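When a ligand or atom number is given, it counts from 1 through the structure's own listing order. Here the structure is a predicted model, which is why all the values come from computation and not from measurement. In this chain, residues are counted from 1 in sequence order.
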Amino acid sequence: MRGVIVYYSHSGNTKQIASFMAEYLGIEICEIKTKEGYLQEDIIEQGKRQIEQNFSPEINEINQNIQDADFILLGCPIWWYTFAPAVKTFLENHDLSGKIIYPFTTSSGWKGHIFRDIEKLAKNAIVKQGLYLHYDGDRLVDSIKTIEKWLDNIKKEMKN
Ligand SMILES: Cc1cc2nc3c(=O)[nH]c(=O)nc-3n(C[C@H](O)[C@H](O)[C@H](O)COP(=O)(O)O)c2cc1C
């Protein structure tokens with residue numbers, strides 16, 4: 001089974017988790033990047049507008065072979081109770097039929113409905129139990145053990 005970690009991160013929290021996971025599982029990692037950046041001072045409102053308008057920002061081409069992957073760990077910060085728009089574009093641009101998706105997310109604690117939204121968009125993928133991680137600014141509130149436990153479960157599932 002070949003797995004890959006695909007993530008979007010604006011301010012580095014999700015990137016930190018994705019990097020830890022890649023090392024723990026020994027699998028490839030790639031970042032979703034928007035072609036246009038966000039204005040730091042307006043990010044909350046700009047993000048809100050994009051989500052309200054159901055906007056899909058252009059993203060750079062993914063530099064890993066997603067089509068050959070059997071499973072994907074998909075990481076994303078929560079923006080206004082759902083996935084950041086860049087992940088919406090990723091899900092729209094890639095046919096993930098038959099693939100197993102393990103979603104993980106970082107947020108300030110207002111969880112919303114991100115995992116349900118991923119399931120809706122990645123129609124023919126198998127979306128497994130996701131992992132919510134709570135950050136206070138750039139400090140991870142949850143323990144590393146929580147992440148390891150979730151990853152150990154994935155490892156077990158991959159063996160079966
Ligand atoms: C535009 C925007 C919207 C956000 N909306 C939420 C939200 O709905 N719920 C929440 O708990 N945190 C929200 N946050 C906080 C981020 O989810 C949190 O800081 C996350 O860890 C950032 O991840 P990153 O550093 O990988 O970009 C929002 C942040 C931004 C920039």
Side-chain angles (χ1 to χ4, degrees), residues 3-64 66 69 71-94 96 100-122 125 127-151 153-154:
V4 61
I5 296 178
V6 179
Y7 74 95
Y8 172 75
S9 182
H10 175 71
S11 55
N13 293 347
T14 315
K15 183 180 192 134
Q16 189 180 41
I17 300 297
S19 306
F20 173 81
M21 289 181 171
E23 203 161 307
Y24 194 84
L25 294 177
I27 62 176
E28 294 159 88
I29 178 167
C30 64
E31 184 171 6
I32 300 169
K33 282 191 172 163
T34 54
K35 289 206 166 151
E36 276 187 40
Y38 291 91
L39 291 174
Q40 196 48 45
E41 60 276 16
D42 189 38
I43 177 90
I44 298 288
E45 286 309 311
Q46 201 183 352
K48 188 176 187 193
R49 277 196 299 277
Q50 289 195 349
I51 282 157
E52 282 175 351
Q53 292 164 7
N54 212 16
F55 180 69
S56 307
E58 273 194 76
I59 58 171
N60 292 340
E61 214 164 293
I62 298 292
N63 63 3
Q64 294 286 349
I66 300 294
F71 66 99
I72 297 171
L73 274 67
L74 180 62
C76 177
I78 294 181
W79 278 20
W80 294 100
Y81 311 104
T82 188
F83 35 66
V87 168
K88 174 170 177 280
T89 311
F90 170 78
L91 290 171
E92 287 167 348
N93 288 1
H94 293 85
L96 303 180
I100 302 170
I101 300 180
Y102 294 96
F104 63 96
T105 183
T106 71
S107 76
S108 316
W110 290 280
K111 291 182 177 176
H113 33 77
I114 184 167
F115 296 151
R116 238 187 308 140
D117 295 344
I118 290 175
E119 260 180 71
K120 269 191 222 151
L121 210 50
V127 181
K128 296 280 193 164
Q129 172 107 46
L131 176 69
Y132 277 111
L133 293 169
H134 184 182
Y135 267 85
D136 178 6
D138 60 1
R139 187 183 66 86
L140 177 63
V141 176
D142 293 298
S143 74
I144 293 288
K145 272 265 162 285
T146 309
I147 305 170
E148 288 176 346
K149 207 168 142 203
W150 188 72
L151 294 174
N153 195 44
I154 294 177

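- The main-chain N or O of Cys76 is found under 3.5 Å from a side-chain atom of Thr105 such that the two form a donor-acceptor pair.
- Not counting sequence neighbours, the partners of Phe20 by the side-chain contact (heavy atoms from CB on, under 4.5 Å) test are Tyr24, Ile144, Ile147, Glu148, Leu151.
- Considering only residues two or more places apart in sequence or on other chains, Glu119 meets the salt bridge (charged side-chain N to carboxylate O under 4.0 Å, His left out) condition with none of them.
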Begin from the C-alpha positions of Thr14 and Tyr8 and carry the test side-chain contact (heavy atoms from CB on, under 4.5 Å) through to its verdict. CA-CA 7 Å; Thr14 315; Tyr8 172 75; over 6 Å; no

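- Within a 6.0 Å sphere centred on NZ of Lys145, heavy atoms belonging to other residues, nucleotides or ligands number 12 at most.
- Near ligand 1, heavy-atom contacts under 4.0 Å come from Ser9, His10, Ser11, Gly12, Asn13, Thr14, Ile43, Ile44, Pro77, Ile78, Trp79, Trp80, Tyr81, Thr106, Ser107, Ser108, Gly109, Trp110.
- With sequence neighbours left out, Asp42 forms a salt bridge (charged side-chain N to carboxylate O under 4.0 Å, His left out) with Arg49.
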